[in-house]
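Okay, structure first, notes after.
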Amino acid sequence: MAAVIYPVEAFTAAERERLRPHFTNLDQPVFAVAGLPETTTAALFARYSRYPGTLRRLFLDEFADGAGAPAAADDARAAALFERVFVGYGDDSVAQLGGAHVACEYVSNVVTKVLERPRLGAYLEQSTRYIAYDEPVPGLGYRYYRDPELGPAYERAMDTLFETYAAMLPRVAAWIEARFERDPADPPRAHARAVRAKALDLVRGVLPAASLSHVGIFASGQAYEQLILHLRAHPLPEARRYGELILEALRAVIPAFVARVEQPDRGGAWIAYLERRDAAALQLAARLGLRDHDAADGPRVTLLHAHGDERQALAALLFEASTASEQEAAARIAQLDGEQLAELFTALVGARANRRHRPGRGLESLHYRFEIVADYGAFRDLQRHRMLTVQWQSLTPDLGADVPEELDAAGAGADYRAALERSAETYRALHGPAAAYALCLGYRIRFVLELNAREAMHVIELRSSREGHPSYRAIAHEMHRLIATVHPLVAAAMHHLDASVEPRLERMPGERRSERRRG
């Protein structure tokens, strides 16, 4: 195979010295930029779109001073460069060209959902599936959100919930260890971790939504600007406080990206709009009689709408390989019988060796809108998927809660029910959005997931995996069943759905793999 020839730019010795700290190579057509302030990098790439030369030459011409010191040495100059390009181009996409890592610690499980709502970001959150909440934190006590306005009765109730959780955890773990004896082939440490993980899964429903977590975020400047504005417009003081803290943190690393947040005609107008919009929705819902929660018989998944048919999806899957219009492809496919249709669909999906092997984007022509009633813990896990639309209602006790059968078998069911009732009583004694802090994660919430068939394949196969939590595994199974009623070929293409439901140590396979990696 003949070598591909790329032009190699010539730099003087002095230029190479200026470039070397900030570019990973000086003679290849692909390189990374490093060691520059985010504002400088963003301005550099923004200017790149209208500069006729190469990026490295642009840096030398406009972003490094004549004395040879890079512009990175002067944060004020970097901000000025960004502002000049940002204002000069008037394009919000410039703010997508730089980002920052931010840690938000000791944030409630109510506000973590607000932090993780933007699509254009990456999030990692401490998990109640793997971290125990049974030990008080020095100087704080049990890990839950506190506010003097919630009153002392709230704090007493929260302490009781955490005490119940701490007492249940070792009892449930002992029952699990007796129920699921270790296979002699399994390392003792792996079995112990799997037992611990299952115990945490079973008792996490006792924890209140006020439970504190840590969230790591990586996002662009544009995404942070929108997140801060939504936080500042939120009715909860905690959310507004974290909006201010995030803004303060970003001012230290990417100040130019968030400069507009406090401008009256930008951030001020946007926050006012969000507040008016949300107030109007509440008023209209009340006027239409939609503010009275109706009870649910139990967890449920409803397919509200399904858009598109599988023949259309086939035409879309073939579009990129074709030179004909999609209409012509659809006309040809319309002539196929059911067997031919299935054969063609199977060929286009291909042999998927694992769940990360996905069909082409043509599958995104099919869409589903699901309404789900499930416990708040399961909602938290499903809400974190980025490539879908998620909407949720307020968390209340009106939709009830489930008690895992295994807790009754372990002799902890009565304690679990008492904790649920204590949290509901505390909720009813509070007022407004803050009342949700008091409710256990075992209480149900109504939410909507709207997603295309390609993303549905990802969500269902991931969340049905044998290591998943039983609550969201049940949702994934029902979503799959409902898709099969309207698009059976799509459902059949989900080769990596785990439909097994037998009692087991869910985390055992993962712990075996971890132990093997440790050697």
Side-chain angles (χ1 to χ4, degrees), residues 99-150 154-155 158-159 161-162 165 200 204-219 223-253 258 261 376-386 390 392 394-395 423 427 430 432-441 443 445 447:
H101 289 86
V102 173
C104 296
E105 298 187 341
Y106 299 109
V107 58
S108 76
N109 270 266
V110 175
V111 174
T112 59
K113 301 307 102 193
V114 184
L115 292 176
E116 296 167 1
R117 188 164 190 170
R119 288 189 179 94
L120 301 178
Y123 311 91
L124 282 175
E125 179 185 346
Q126 277 190 332
S127 175
T128 54
R129 296 196 66 199
Y130 305 106
I131 297 174
Y133 280 65
D134 54 342
E135 294 290 339
V137 175
L140 174 69
Y142 285 116
R143 286 177 56 176
Y144 64 84
Y145 175 74
R146 291 164 169 82
D147 186 329
E149 293 189 6
L150 295 174
Y154 162 81
E155 291 197 16
M158 296 303 97
D159 284 337
L161 295 182
F162 276 84
Y165 172 92
L200 292 172
R204 78 168 181 174
V206 166
L207 293 172
S211 300
L212 300 178
S213 187
H214 303 329
V215 180
I217 305 174
F218 177 78
Y224 276 124
E225 180 186 61
Q226 295 179 22
L227 172 60
I228 292 167
L229 293 172
H230 278 85
L231 287 167
R232 290 179 118 186
H234 200 278
L236 285 176
E238 182 195 10
R240 297 196 296 272
R241 173 63 175 156
Y242 272 86
E244 298 304 320
L245 291 172
I246 293 171
L247 177 59
E248 181 182 342
L250 293 176
R251 283 199 191 106
V253 289
V258 292
V261 167
Y376 193 73
F379 159 73
R380 290 167 60 255
D381 291 307
L382 293 170
Q383 182 265 350
R384 294 166 63 188
H385 286 271
R386 304 269 66 82
V390 57
W392 63 92
S394 300
L395 177 62
S423 78
Y427 169 91
L430 298 172
Y437 285 122
L439 287 177
C440 292
L441 300 182
Y443 274 102
I445 186 172
F447 60 102

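This structure is a prediction, so every number in the text was calculated from the model and none was measured. Counting from 1, the numbers follow the sequence of the chain as shown.
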Should [X] and [Y] count as side-chain neighbours, where that means a heavy-atom distance under 4.5 Å?
X      : Y      : result
Arg117 : His230 : no
Leu382 : Val390 : no
Gln226 : Leu120 : no
Arg386 : Tyr123 : yes

For Arg119, give me all partners under salt bridge (charged side-chain N to carboxylate O under 4.0 Å, His left out), at least two apart in sequence or on another chain.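 Residues passing salt bridge (charged side-chain N to carboxylate O under 4.0 Å, His left out) with Arg119: none at all.
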Nearest-0.5 Å distance, OH of residue Tyr106 to CG of residue Leu212: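 The OH atom of Tyr106 sits 8.5 Å away from the CG atom of Leu212.
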With distance as the sole test, does [X] use its side chain to make a donor-acceptor pair with the main-chain N or O of [Y] at under 3.5 Å?
X      : Y      : result
Tyr154 : Pro148 : no
Tyr224 : Ala100 : yes
Tyr376 : Asn109 : yes

Stepwise, does the side-chain contact (heavy atoms from CB on, under 4.5 Å) test hold for Val114 with Leu236? CA-CA 11 Å; Val114 184; Leu236 285 176; over 6 Å; no
Using only heavy-atom distances, determine whether the side chains of Tyr144 and Asp159 contain a donor-acceptor pair under 3.5 Å.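 Asp159 and Tyr144 do have a side-chain donor-acceptor pair below 3.5 Å.
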Would you say that more than 12 heavy atoms from the other residues, nucleotides or ligands in this model lie under 6.0 Å from the CG of Leu140, or not?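 Atom CG in Leu140 is packed in, count exceeds 12.
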Counting neighbours of CZ on Arg129 that are heavy atoms of other residues, nucleotides or ligands and sit closer than 6.0 Å, is the number greater than 12? yes
I'd like to know whether Val111 forms a side-chain contact (heavy atoms from CB on, under 4.5 Å) with His234, so could you lay out the CA-CA distance, the side-chain angles of the two residues, the decisive distance to 0.1 Å, and finally the verdict. CA-CA 10 Å; Val111 174; His234 200 278; 5.8 Å; no
